[in-house]
Engineer: 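Below are the structure tokens for one structure; questions will follow.
Numbers restart at 1 for each chain; the letters A, B, ... are given by sequence-line order, proteins then strands.
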2 protein chains.
Amino acid sequence: MRERNKISEKQRNILRFMEGFIDQKGYPPTIRQIGEAVGIDSTSVVNYNLNKLVQAGYLERTGRTSRGIRLVKSSGSRRLSVNPAYNTPRVPLIGQIVASAPVSIPDDMGHHFDEESLIEVPASMLNGVDPSEVFALKVKGDSMIDAMISDGDIVLLRRQDAVKDGDMVAVWLDERGETTLKHFFAEGQRVRLQPAHPTMSPIYVDAAHCHVQGRVLSVLRPSV
Amino acid sequence: MRERNKISEKQRNILRFMEGFIDQKGYPPTIRQIGEAVGIDSTSVVNYNLNKLVQAGYLERTGRTSRGIRLVKSSGSRRLSVNPAYNTPRVPLIGQIVASAPVSIPDDMGHHFDEESLIEVPASMLNGVDPSEVFALKVKGDSMIDAMISDGDIVLLRRQDAVKDGDMVAVWLDERGETTLKHFFAEGQRVRLQPAHPTMSPIYVDAAHCHVQGRVLSVLRPSV
DNA sequence: TTTGACATAGAACGAGCGTTCTTTTACAAT
DNA sequence: ATTGTAAAAGAACGCTCGTTCTATGTCAAA
């Protein structure tokens with residue numbers, strides 16, 4: 001493999017223009033649009049430089065296809081995408097966990113929720129779970145401190161009532177009248193709820209009086 | 001505003017096809033490609049349905065422009081984008097925080113790092129900070145437990161040595177020979193490092209013997 | 001000076017592709 | 001029965017756009 005990864009200033013301009021164009025319009029530019037943007041008067045010259053960029057590994061092209069150019073590597077200056085179609089998964093932030101109140105999960109979840117309350121999450125935080133099954137709750141107060149979760153954290157949960165032993169779950173406890181996050185272990189008629197903090201003791205509750213609201217997938221702590 | 005937000009099965013198929021096509025190819029399909037995919041034999045019928053989708057708020061179109069269709073709202077079943085050009089900000093995961101070892105930050109950071117070690121983070125976790133100034137560290141062990149950070153957490157830091165009082169920072173302590181995460185308060189010649197956990201006591205160190213490696217922006221706890 | 005790779009221009013070809021127009025069918029409302 | 005509207009088909013028009021070919025200029029190596 002020869003050393004052909006160096007690209008010219010002009011070619012870098014092409015990349016930058018393409019990133020902005022795609023981000024703004026949602027589709028790639030044509031050869032002529034690229035030429036006009038970076039000051040090349042001939043379509044063949046644009047074509048020539050595009051092929052150079054393909055050789056250098058920055059682009060892929062689809063022959064004889066209008067706008068058939070795809071970015072495969074960034075030019076270095078990465079901006080934030082404003083095009084919602086291409087963003088990370090979003091999940092609805094449907095409320096708060098407050099120790100003294102149950103979590104109410106709307107039944108029609110997954111179909112239409114408030115556009116306002118959708119938050120972005122990185123795909124890696126979902127562990128392969130379909131984003132439409134996931135919701136988020138904001139932790140209010142320090143009641144989850146024994147689960148290593150502090151005030152302001154955002155907890156990502158998968159809506160499910162059947163859970164495996166060891167799963168971290170959000171459970172509503174009838175006896176205490178509160179929701180907590182604990183590791184779940186079924187032990188006969190009873191359920192052992194183990195705090196994440198290793199020095200803290202588990203609590204035991206009757207299986208009939210503990211309602212699993214969802215399994216915790218991950219925790220986000222924004223802007224510490 | 002009339003109730004025109006209901007879309008037909010055929011129109012939903014168009015949306016789904018478009019999402020997959022764009023995600024896979026990097027550019028939107030043509031009218032004829034849509035027609036072939038969803039079983040419409042006439043370009044005018046595709047055009048008709050596309051305009052319906054525009055009315056319903058799912059699409060935007062650019063007149064007389066090849067592939068001039070843009071998704072503005074998802075069809076509900078969101079998949080993960082595989083096209084790197086459109087993704088969330090990525091930051092390099094450059095190492096681990098182990099209590100017994102300092103964090104070594106490469107000097108040429110921000111120019112070229114291992115493609116492998118880039119991790120996605122939601123823009124909201126960066127709080128406006130330029131992603132190129134951010135790096136990530138994986139927490140190894142439970143030494144940060146007093147900062148409400150547990151084993152396996154990923155800490156996002158902004159590379160900086162000048163910090164404000166109250167910032168959560170990663171500091172290397174000469175005396176202890178370890179790195180910790182604490183809230184930073186300058187107090188004359190000394191520095192007060194306050195654990196995040198409210199019940200724990202601060203530690204005081206000489207300002208000359210404490211080296212700030214970066215400011216903590218946020219914490220991710222994947223796959224609890 | 002000659003050679004040859006590289007970069008650029010310009011033009012022309014032909015397929016790609018959005019648009020529009022005319023018809024036809026289905027179905028509910030009048 | 002008539003009217004009106006939504007949905008669909010097919011064809012034709014004309015601009016869009018990638019491709020290709022020829023020509024010109026540059027510059028370093030031979």
Engineer: Quickly work out the B:I34 CD1 to D:dA8 P distance and round it to whole Å.
Structural biologist: 14 Å

Engineer: Let's see if you can work this out: which of D:dA7, C:dA9, D:dA9 has an atom nearest to the side-chain heavy atoms of B:D41?
Structural biologist: D:dA9

Engineer: Not counting sequence neighbours, which residues clear side-chain contact (heavy atoms from CB on, under 4.5 Å) with B:N47? List them please.
Structural biologist: B:I31, B:N51, B:R61

Engineer: Take the protein atom CD1 of B:I14 and the nucleotide atom C1' of D:dA8, then report the distance between them rounded to whole Å.
Structural biologist: 12 Å

Engineer: A:Y48 OH to C:dA7 P: how many Å, rounded?
Structural biologist: 3 Å

Engineer: Grab the N/O contacts between the protein and nucleotides 13-20 of chain D below 3.5 Å, and write none if there aren't any.
Structural biologist:
unit_1 : atom_1 : unit_2 : atom_2 : d
D:dC17 : OP1    : A:R67  : NH2    : 2.4
D:dC17 : OP1    : B:S66  : OG     : 3.2
D:dG18 : OP1    : A:R67  : N      : 2.9
D:dG18 : OP2    : A:I31  : N      : 2.8
D:dG18 : O3'    : A:R64  : N      : 3.2
D:dG18 : N7     : A:R32  : NH1    : 2.9
D:dG18 : O6     : A:R32  : NH2    : 2.9
D:dT19 : OP1    : A:R64  : N      : 2.8
D:dT19 : OP2    : A:R61  : NH2    : 3.0
D:dT19 : O4     : A:T43  : OG1    : 3.1
D:dT20 : OP1    : A:R64  : NH2    : 3.3

Engineer: Atom CG of B:N51 and atom P of D:dA6: how far apart are they, to the nearest Å?
Structural biologist: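 Value for this atom pair: 14 Å.
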
Engineer: Using the side-chain contact (heavy atoms from CB on, under 4.5 Å) criterion, which residues pair with B:D153? Sequence neighbours excluded.
Structural biologist: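 Listed in chain order: B:V139, B:I149, B:S150, B:V219, B:R221.
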
Engineer: Check the phosphate of C:dT8 against A:N49, side-chain N and O only, distance under 4.0 Å to OP1 or OP2. Yes or no?
Structural biologist: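 Indeed, a polar side-chain atom of A:N49 lies that close.
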
Engineer: Apply ring pair (Phe, Tyr, Trp, His ring centres under 6.0 Å) to A:F184 and list each qualifying residue two or more places apart in sequence or on a separate chain.
Structural biologist: none

Engineer: Between C:dT8 and A:K10, is there an OP1 or OP2 to side-chain N/O distance shorter than 4.0 Å?
Structural biologist: yes

Engineer: Hey, are A:Y27 and B:T62 close enough side-chain-wise for a donor-acceptor pair under 3.5 Å?
Structural biologist: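 Yes, a side-chain donor-acceptor pair sits under 3.5 Å.
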
Engineer: With sequence neighbours left out, what residues match B:E60 under salt bridge (charged side-chain N to carboxylate O under 4.0 Å, His left out)?
Structural biologist: B:R70

Engineer: For B:E36 and D:dA9, give me the distance from atom CD to atom P, rounded to whole Å.
Structural biologist: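 So the CD-P distance, B:E36 to D:dA9, works out to 14 Å.
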
Engineer: Can you tell me how far P of C:dA7 sits from CD of A:Q11, to the nearest Å?
Structural biologist: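 Rounding to the nearest Å, CD of A:Q11 and P of C:dA7 are 7 Å apart.
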
Engineer: Roughly, in whole Å, what's the span from CD in B:Q55 to C1' in D:dA7?
Structural biologist: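 Taking atom C1' of D:dA7 as the reference, CD of B:Q55 is at 14 Å.
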
Engineer: How would you list, by chain and number, every residue that makes a side-chain contact (heavy atoms from CB on, under 4.5 Å) with B:S44, sequence neighbours excluded?
Structural biologist: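 For B:S44, the residues satisfying side-chain contact (heavy atoms from CB on, under 4.5 Å) (neighbours in sequence not counted) are B:S42.
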
